[in-house]
Amino acid sequence: MPEADEADDEEEMPLSLRLSIADTLTLGNATCGFMAVYFTTTGILIPHLTDSQESGMARNSAATAVILMLCAAVFDLFDGLVARKLRSSPMGAELDNLSDLISFGLAPAYFVLVYGMVADDAYQKVAAVGAIVVLLAVVLRLARFSCVTVPNGMFQGMPSPFGALTVVSIILLELPFVATLLAILGTAWLMVSRVEYPKPRGRLAVAMLSWIVLSMGLLTAWAFDAPGGQLLLQTGCALQLVMGAVIPLFATARRVNNFRDNRREARAAQVP
């Protein structure tokens, strides 16, 4: 009888409902995205609506929200690595897309929306349009990722974690409103474009993880008003934007070199 009960339990729990280690990391990604929205609301939006003058609290909350997005990016990086090394559940891909939508779609779009409400030179309705564009760009990018097969080792369009961090970096740079909005729209376009970005594997994954850890340090220094913290943060945000524009150039250069090599091989094969 006990053996029969155990067999029944296994039949009641299909494989598609069993979470793997990679799925647990993916759920950590979604949790970080939700908490980023929470800190953006409680630490930035609510004090602004209640006319609170606690600027230090707003700075700490903004830094915490962005650090949580960075943590979500770490979870997103490792859940793919773990899924390739260990088994992944049948619903792993769906969980990954849903979690990315929260952490790299909703959270940065909401950050843009709140920026439009609290910044002195911002226009709330225009910022709301920018936030919607960011959200829809991530939705389209994730949907296309599930349907389109791209060359091995490449992404088509800026990856959503990189796009989300670029969006918040643009806001933290504290540029004029028009420049900020144009840069955000440009980032959204890159996410849905056909521009190729390399997948973070091997040395690139290590470099990306190192950059995330460094960004967390810069945000912490800025949050606690460390000497030079503002300058360090703005330097890091500027580097984020530069990488977003430069990284695709390396992928394009590699494609051009491969094309040239193929042409040379074809010509050499034609020579008698």
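All of these numbers come straight from a predicted model, not from anything done at the bench. Along the sequence shown, residues are numbered consecutively beginning with 1.
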Item to complete: Can you see which heavy atom on Ala63 is nearest to which on Leu219, and at what distance?
Response: CB-O, 3.8 Å
Worksheet item: Is the number of heavy atoms from other residues, nucleotides or ligands within 6.0 Å of CZ (Phe34) greater than 12?
Response: no
Worksheet item: How about Leu181 and Tyr123: do any of their side-chain heavy atoms sit closer than 4.5 Å?
Response: no
Worksheet item: If you group Ile, Leu, Val, Met, Phe, Trp and Tyr by side-chain heavy-atom gaps below 4.5 Å, do Leu175 and Leu185 land in one group?
Response: yes
Discussion item. Would you say Phe104 ends up clustered with Val168 if hydrophobic residues are merged whenever their side chains have heavy atoms under 4.5 Å apart, either directly or through other cluster members?
Written reply: no
Response to the item:
Heavy-atom closest pair (Asp121 atom, Pro176 atom, distance to 0.1 Å) is OD2-CA, 3.8 Å
Item to complete: Over all heavy atoms of both residues, which pair between Gly163 and Thr187 is shortest? Give the atoms and the distance, please.
Response: O-CG2, 3.7 Å
Worksheet item: Mind checking whether Thr235 and Leu231 have side chains closer than 4.5 Å, heavy atoms only?
Response: yes
Worksheet item: Linking I/L/V/M/F/W/Y whenever any side-chain heavy atoms sit under 4.5 Å apart, do Val37 and Ile44 land together?
Response: yes
Quick one: side chains of residues 132-140, donor-acceptor pairs under 3.5 Å with protein atoms, not counting sequence neighbours, listed by atom name and distance.
none

Item to complete: Would you indicate whether the side-chain heavy atoms of Phe155 and Pro200 approach each other to under 4.5 Å?
Response: yes
Worksheet item: Are Tyr38 and Leu101 linked, directly or through other ILVMFWY residues, by side chains that come within less than 4.5 angstrom of each other?
Response: no
Worksheet entry | Heavy-atom pair with the smallest gap, counting every atom of Arg59 and Gln230 | NH2-OE1, 4.0 Å
Worksheet item: Mind checking whether Ser99 and Asp76 have side chains closer than 4.5 Å, heavy atoms only?
Response: no
Discussion item. What verdict does the side-chain contact (heavy atoms from CB on, under 4.5 Å) test give for Asp79 and Leu95, after you've listed the backbone C-alpha separation in whole Å, the side-chain angles of each residue and the deciding distance to 0.1 Å?
Written reply: CA-CA 11 Å; Asp79 67 359; Leu95 283 176; over 6 Å; no
Fill in: CD1-OG1 distance between Ile170 and Thr180, expressed to the nearest 0.5 angstrom
7.5 Å
Fill in: Point-to-point distance, once rounded to the nearest 0.5 Å, from CG of Leu106 to CG of Asp100
12.5 Å
Worksheet item: Where is the tightest heavy-atom contact between Cys237 and Ser169, given as atom of each residue plus distance?
Response: CB-O, 3.6 Å
Worksheet item: Taking C-beta and beyond as the side chain, do Thr166 and Leu190 meet within less than 4.5 Å on heavy atoms?
Response: no
Worksheet item: Which value, rounded to the nearest 0.5 Å, describes the distance between Phe145 atom CZ and Gln156 atom CD?
Response: 11.0 Å
Worksheet entry | Met117 CE to Leu49 CG distance, which is reported to the nearest 0.5 Å | 5.0 Å
Practice prompt. State, to 0.1 Å, how close Trp222 and Gly229 come at their nearest heavy-atom pair, and which atoms those are.
Written response: CB-O, 4.0 Å
Worksheet item: What distance separates Trp211 CH2 from Leu239 CG, expressed to the nearest 0.5 Å?
Response: 4.5 Å
Practice prompt. Check the angle between the aromatic planes of Phe177 and Tyr115 and answer parallel, tilted or perpendicular using the 30° and 60° thresholds.
Written response: parallel
Practice prompt. Go through the steps for Ile171 and Ile184 under the test side-chain contact (heavy atoms from CB on, under 4.5 Å), then give the verdict.
Written response: CA-CA 9 Å; Ile171 295 175; Ile184 289 173; 4.2 Å; yes
Worksheet entry | In one Ile/Leu/Val/Met/Phe/Trp/Tyr side-chain cluster, 4.5 Å: Leu45, Ile67 | yes
Worksheet item: Among all residues two or more places apart in sequence or in another chain, which pass the side chain to side chain contact (heavy atoms under 4.5 Å, CB included) test with Ile212?
Response: Leu70, Ala73, Val74, Met208, Met216
Worksheet item: Looking at CE of Met191 and CE of Met158, how far apart are the two atoms once the value is rounded to the nearest 0.5 Å?
Response: 7.5 Å
